[in-house]
Amino acid sequence: MMHHRTTMTVTTLILCACLLLTGCSARARQRDLIRKDPMYSATWEGIEFLGAVDNDDDTLKPPPVATTRCFKTTKPAEDALQQVMATARQNGWLEKKDTRSKISRSAHKNIGSASITLIASTIAASCTRHPETNFSISLAFI
């Protein structure tokens with residue numbers, strides 16, 4: 001009888017480990033897809049790249065995979081937003097015109113069965129490591 005319980009416990013542990021690894025590998029794949037998208041490395045004149053911040057994965061229920069690119073721009077916000085969205089359109093992103101504002105623009109793109117959102121904004125809450133940030137681009141799986 002003891003052998004049966006040990007086998008069930010080991011089987012359960014192996015199943016849990018496999019499920020955990022599958023979730024981790026899916027997150028790693030999503031992070032890789034973000035990094036391969038041209039918007040992850042795009043640059044523009046007058047918009048200086050300062051660094052990137054990935055969201056935390058080390059919580060019990062991690063949030064969707066996301067990366068925020070932090071910038072300092074010397075351009076008016078509207079010019080920077082228009083320039084970023086023009087690049088996004090060239091790379092297959094569809095702007096969500098109903099969410100357009102003076103301080104942000106958003107777009108989405110489907111990759112396989114997943115959907116990614118891009119938000120370009122003058123709000124840079126995720127960029128605390130780069131206090132001079134006045135413009136950000138976030139790429140996130142939904």
Between T74 and I47 (side chain of the first, backbone of the second, donor and acceptor by atom type, cut-off under 3.5 Å), is there such a pair? no
So, the side chain of T99 versus the backbone of K96: is there a donor-acceptor pair under 3.5 Å, distance only? yes
Please check this pair: side chain of D37 against backbone of L33, looking for a donor-acceptor N/O pair closer than 3.5 Å. no
Side-chain contact, heavy-atom cut-off 4.5 Å: T87 with M39? yes
Would you say R129 and L50 make side-chain contact, with heavy atoms under 4.5 Å? no
Using a strict cut-off of less than 4.0 Å between a Lys/Arg side-chain nitrogen and an Asp/Glu carboxylate oxygen, indicate whether E78 and K102 qualify as a salt bridge. no
When clusters are formed by joining ILVMFWY residues with side-chain heavy atoms under 4.5 Å apart, either directly or through shared neighbours, do I137 and Y40 land in the same one? yes
Supply the atom-to-atom distance M85 CE to S106 OG, rounded to the nearest 0.5 angstrom. 6.5 Å
Taking R31 for its side chain and V65 for its backbone only, find out whether a donor-acceptor pair lies under 3.5 Å. no
Let me see the working for D54 and R35 under side chain to side chain contact (heavy atoms under 4.5 Å, CB included), right down to the final yes or no. CA-CA 11 Å; D54 291 337; R35 289 183 176 141; 2.6 Å; yes
Are the side chains of F135 and L81 in contact, using a 4.5 Å heavy-atom criterion? yes
Where at least one partner belongs to residues 130-142, residue pairs that pass side-chain hydrogen bond (donor to acceptor under 3.5 Å, both in side chains), sequence neighbours excluded: T68-S138
Can you confirm whether L94 sits close enough to K109 that some side-chain heavy atom of one is under 4.5 Å from a side-chain heavy atom of the other? no
Between the main-chain N or O of E45 and the side-chain N or O of K75, is there a donor-acceptor pair closer than 3.5 Å? yes
Can you get from W44 to L118 by hopping between Ile, Leu, Val, Met, Phe, Trp and Tyr side chains that sit under 4.5 Å apart? yes
Any salt bridge linking E95 with R100? Criterion: basic side-chain nitrogen under 4.0 Å from a carboxylate oxygen. yes
Does any part of the side chain of I103, heavy atoms only, come nearer than 4.5 Å to the side chain of I123, both counted from C-beta? yes
Give a yes or no on whether the backbone of A42 and the side-chain of R69 come within a donor-acceptor separation of less than 3.5 Å. yes
Are I111 and I34 linked, directly or through other ILVMFWY residues, by side chains that come within less than 4.5 angstrom of each other? yes
Results of salt bridge (Lys or Arg N to Asp or Glu O under 4.0 Å) for D32 - residues two or more places apart only: K36
For F49, the ring pair (Phe, Tyr, Trp, His ring centres under 6.0 Å) test, sequence neighbours excluded, returns F71
Looking at side-chain heavy atoms only, is the closest gap between W93 and I116 below 4.5 Å? yes
